[in-house]
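All remarks here apply to the structure that follows.
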Amino acid sequence: PSICTLCTGGCGMLVRVMEGDAEVVRNGQLGVMKMGLAKKLEGNPNHPISRGKLCPRGQAGLQVTYHPDRVRTPLARSGPRGSGQFKQITWDDAVKQVVARLADLDAKKQQNGFAFLTSPLRGQRANIVSNFVTGVKGDRWVQFALLDDPVGRLANLATFGQDAPVTADLGQSRYVISFGADFLGTWNSPVAQSLGYGEMRKGHPGQRGKLVQVEPRISQTGASADEWIPCKPGAEGVFALSLAHVILRDKLRPANSTAGSRIDGWAQGLQDYAPEKAEAQTGVPAAMATRIAHEACANEPAVALIGSGATAQTNSFFNAIAVNALNELFGSAGKPGGVLFTPAALPEAKNATSSEKPESWAFGAFLQQMQSAPDSVTTLFLYNANPVFALPTAWHVREVLEKIPFIASFGSFIDETSILADLILPDHSPLESWLDDAPPSGSAGMVVSVAPPAVHPLHDTRSMADVLLDVAHQVGGDAAKALPWKTYDEAIQAAFATLYKEQGTKAAKDADEFWSKAQDQGGWWSTEAKPAAAVAGKLPGAPLKNAGPSFDGSPDAYPFHFLPFASQMFYDGSLAHLPWMQEAPDPLSTVMWGTWVELNPATAKSLGVTQGDIVEVASQHGTLHAPALLTPGIAPDVAAMPIGQGHENFTRYASGRGANPMSILAAMTVAETGSLAWAATRVKVSRVGEGKMILFGGSLREESPELKHR
């Protein structure tokens with residue numbers, strides 16, 4: 001058993017291990033060794049999230065381990081920062097440098113100059129990083145991921161009292177309205193949601209649930225929908241409230257609705273959202289809105305979801321609250337067939353010396369502080385976060401990070417952010433390391449996953465968690481006290497001992513047996529599916545005032561809404577280095593080894609653009625070039641582009657390939673969270689010449705060098 005780490009879903013999987021010859025690094029030397037090797041990954045049929053299934057990204061996890069461009073030994077910068085010039089050093093030297101750096105901060109009483117930037121972490125990795133930052137007296141742990149959904153979590157906290165993503169109980173739903181959430185592709189927990197969707201469609205004899213997808217550009221989920229409605233960008237909340245208006249006006253509220261006074265006060269305020277008035281804002285005909293409201297309430301249980309581009313507008317919080325209010329009216333909050341919440345895993349085993357936790361910073365707030373006080377961070381640790389690639393050039397992330405005197409990266413690959421590091425301490429691949437996880441959605445019951453290494457490390461790498469424990473013990477003092485475990489697996493076992501006392505006494509005779517069984521099956525999960533209760537949050541007594549979405553660029557000069565979207569293969573760009581993902585055809589466009597700009601055929605005709613032409617997409621902050629893909633599944637005033645390509649530094653397979661849509665975005669944010677409003681930029685599009693695209697089964701106009709080579 002193992003755990004997929006290639007998105008936030010937390011799927012349990014099985015690793016097929018067979019003997020073979022592997023290229024390895026031992027004692028600084030490259031050679032070949034016969035050893036057990038991971039050959040195939042599949043979903044773990046016993047795991048409640050994946051239930052035996054695995055998406056294409058999960059299948060490609062093998063290539064993380066065997067990638068020829070993995071960092072195989074510790075490296076120290078030997079040339080100018082950002083040049084990519086590094087030299088090999090030993091682990092002893094690398095750890096000594098880190099310990100000396102932290103000791104120097106302590107001696108100078110400058111511990112608050114330390115910060116740790118990571119991808120969002122869960123389980124004991126999160127606990128170790130948190131305790132490490134506390135132990136060295138740092139005060140900033142910054143977690144960053146482009147496709148993290150702080151808006152959705154904040155709205156769920158306000159509405160349902162749950163600071164977590166929803167778990168959509170699609171398997172028992174009869175009517176689903178999705179406002180931009182690509183739940184079959186990249187949003188939230190795609191494997192679990194795909195399984196639920198299959199049950200909704202054919203799991204109940206004589207009943208086939210209906211899916212309505214509301215979005216300006218057709219997603220993988222939209223392509224599977226019964227109805228696709230191209231709502232105007234940023235108007236999703238208005239459309240949701242127009243449905244709410246019809247439900248209250250026509251007294252359609254389902255009998256199981258428990259919204260009560262929490263939503264009754266909205267009736268008068270919803271007059272401005274009557275479908276006839278909302279039509280101008282949403283582009284959705286009033287008769288269609290009325291029909292959908294009636295259909296949803298006639299097919300209980302109904303559920304509404306929101307995500308992806310709909311939560312990347314400047315008014316996203318309004319949109320999310322409106323959709324949550326719609327679920328209140330449906331009576332679907334915390335009910336079968338509605339929106340549930342996976343029970344949070346028990347608090348992990350903490351250090352015995354302090355209950356303090358470092359302040360958790362959003363990257364936007366961290367960046368603002370760095371821009372206003374460049375000397376506030378003198379030492380930065382970096383782990384699996386690449387904001388230089390993922391954030392707009394207008395945010396000047398690279399320039400800010402370049403000014404930090406010392407950066408140590410724990411990543412396995414050199415990317416646009418880690419290339420700025422002074423020291424690289426390479427992590428094991430997930431298949432070579434102990435893993436633990438507590439998936440925040442996808443199951444009605446609590447899930448805590450654990451996996452020992454499936455294979456021995458190929459190279460001279462070490463687990464990031466183990467390196468932090470080693471450093472803390474060498475630093476001593478509060479750092480050592482904050483992290484009493486000798487190894488990462490010891491920390492995981494301590495957490496499972498706590499879990500046994502609180503939840504697992506019926507599953508095993510003692511903590512040791514509980515720990516052994518958890519390793520054998522891939523974790524522990526509650527046998528009785530009892531989702532976390534949705535409690536009354538702070539839903540306002542009347543609809544939030546909708547200031548409307550703001551967009552960078554005037555409609556006259558920049559007539560198109562620009563919509564970057566998460567790629568089924570590359571996710572947020574962090575998987576573009578995997579050749580299987582480059583080779584796999586996109587499910588809708590069938591494009592391989594490249595990127596594209598989607599345009600409506602009528603729009604393309606007005607611009608003189610034909611299929612495969614190279615177009616220039618220009619915002620007020622930059623330009624990019626990419627081939628055009630004409631599709632009727634996009635609104636005429638929208639230009640869309642997949643996220644993932646356009647890397648400057650990310651292995652031989654991704655570097656210099658395609659264009660990065662994030663680079664030309666405006667520095668627009670969601671006020672309530674400070675997160676990037678990545679769907680709030682307007683652009684202009686023009687033809688610049690003939691081009692080429694590689695499509696599955698052939699190419700347009702000209703074969704690419706890659707296709708000829710193969």
Side-chain angles (χ1 to χ4, degrees), residues 8 145-168 176-183 186-189 193 212-216 219 221 231-244 259 262-263 266 269-270 273 278 281-282 302-330 332-334 338-341 362 440-441 534-550 563 566 668-680:
T8 61
L146 174 63
L147 299 182
D148 194 19
D149 189 13
V151 174
R153 293 197 306 273
L154 184 63
N156 293 339
L157 179 63
T159 314
F160 307 124
Q162 296 285 343
D163 183 11
V166 300
T167 290
V176 178
I177 308 176
S178 170
F179 294 82
D182 184 17
F183 61 81
T186 57
W187 178 77
N188 210 15
S189 187
Q193 290 156 181
V212 177
Q213 187 76 4
V214 181
E215 59 192 0
S219 63
T221 304
C231 181
K232 291 183 178 180
E236 293 86 357
V238 173
F239 182 43
L241 293 187
S242 74
L243 301 180
R262 296 188 67 208
I263 199 72
W266 286 44
L270 289 176
Y273 297 97
Q281 297 181 61
T282 64
V303 64
L305 306 173
I306 184 168
S308 305
T311 51
Q313 302 284 356
T314 58
N315 68 332
S316 292
F317 185 67
F318 164 81
N319 295 334
I321 287 289
V323 171
N324 283 356
L326 192 58
N327 280 313
E328 292 266 8
L329 281 175
F330 288 157
S332 63
V339 288
L340 312 176
F341 290 92
S441 69
V535 299
K538 301 177 181 177
L539 187 68
L544 290 174
K545 184 178 179 180
N546 179 25
S550 297
L563 182 62
M668 303 286 281
T669 59
V670 181
E672 290 83 0
T673 61
S675 54
L676 175 66
W678 46 263

Partners meeting side chain to side chain donor-acceptor pair (under 3.5 Å) with [X] (sequence neighbours left out):
X: Ser308; result: none
X: Ser675; result: Thr673
X: Ser441; result: Asn188
X: Thr282; result: none

I'd like to check the side-chain contact (heavy atoms from CB on, under 4.5 Å) partners of Ala320; sequence neighbours left out, ordered by chain and number.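 Here the qualifying residues are Val151, Ala155, Ile306.
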Looking at residues at least two apart in the chain, or sitting in another chain, which of them share a side-chain contact (heavy atoms from CB on, under 4.5 Å) with Ala145?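 Partners of Ala145 by the side-chain contact (heavy atoms from CB on, under 4.5 Å) criterion, ordered by chain and then number, come out as Pro120, Asp148.
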Are any of the side-chain heavy atoms of [X] and [Y] separated by less than 4.5 Å?
X: Phe179; Y: Thr311; answer: no
X: Lys232; Y: Phe239; answer: no
X: Glu236; Y: Val323; answer: no
X: Phe341; Y: Val166; answer: yes
X: Gln281; Y: Asn546; answer: yes
X: Arg153; Y: Pro165; answer: yes

Polar side-chain atom of [X] near backbone of [Y] as donor-acceptor pair, under 3.5 Å:
X: Gln193; Y: Phe183; value: yes
X: Asn156; Y: Gln162; value: no
X: Asn327; Y: Ser332; value: no
X: Asp182; Y: Trp187; value: no

So, taking the atom named CZ in Phe318 and the one named CG in Leu241, what distance separates them when rounded to the nearest 0.5 Å?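 Between atom CZ of Phe318 and atom CG of Leu241 there are 4.5 Å.
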How many angstroms lie between CG in Asn315 and NZ in Lys545, if you round to the nearest 0.5 Å?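 Those atoms lie 13.5 Å apart.
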Specify the closest pair of heavy atoms between [X] and [Y], including all atoms of both residues, with the distance to one decimal.
X: Ile321; Y: Ala158; value: CD1-CB, 4.0 Å
X: Ser178; Y: Ala181; value: OG-O, 2.9 Å
X: Ser219; Y: Gln213; value: OG-NE2, 3.7 Å
X: Val670; Y: Gln313; value: CG2-O, 3.2 Å
X: Leu147; Y: Trp678; value: CD2-CZ2, 4.3 Å
X: Ala278; Y: Tyr273; value: CB-O, 4.1 Å

Using the side-chain contact (heavy atoms from CB on, under 4.5 Å) rule, pick out the option among Val339, Ile177, Val214 that qualifies with Leu305.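 By the side-chain contact (heavy atoms from CB on, under 4.5 Å) criterion, Leu305 pairs with just one of Val339, Ile177, Val214: Val339.
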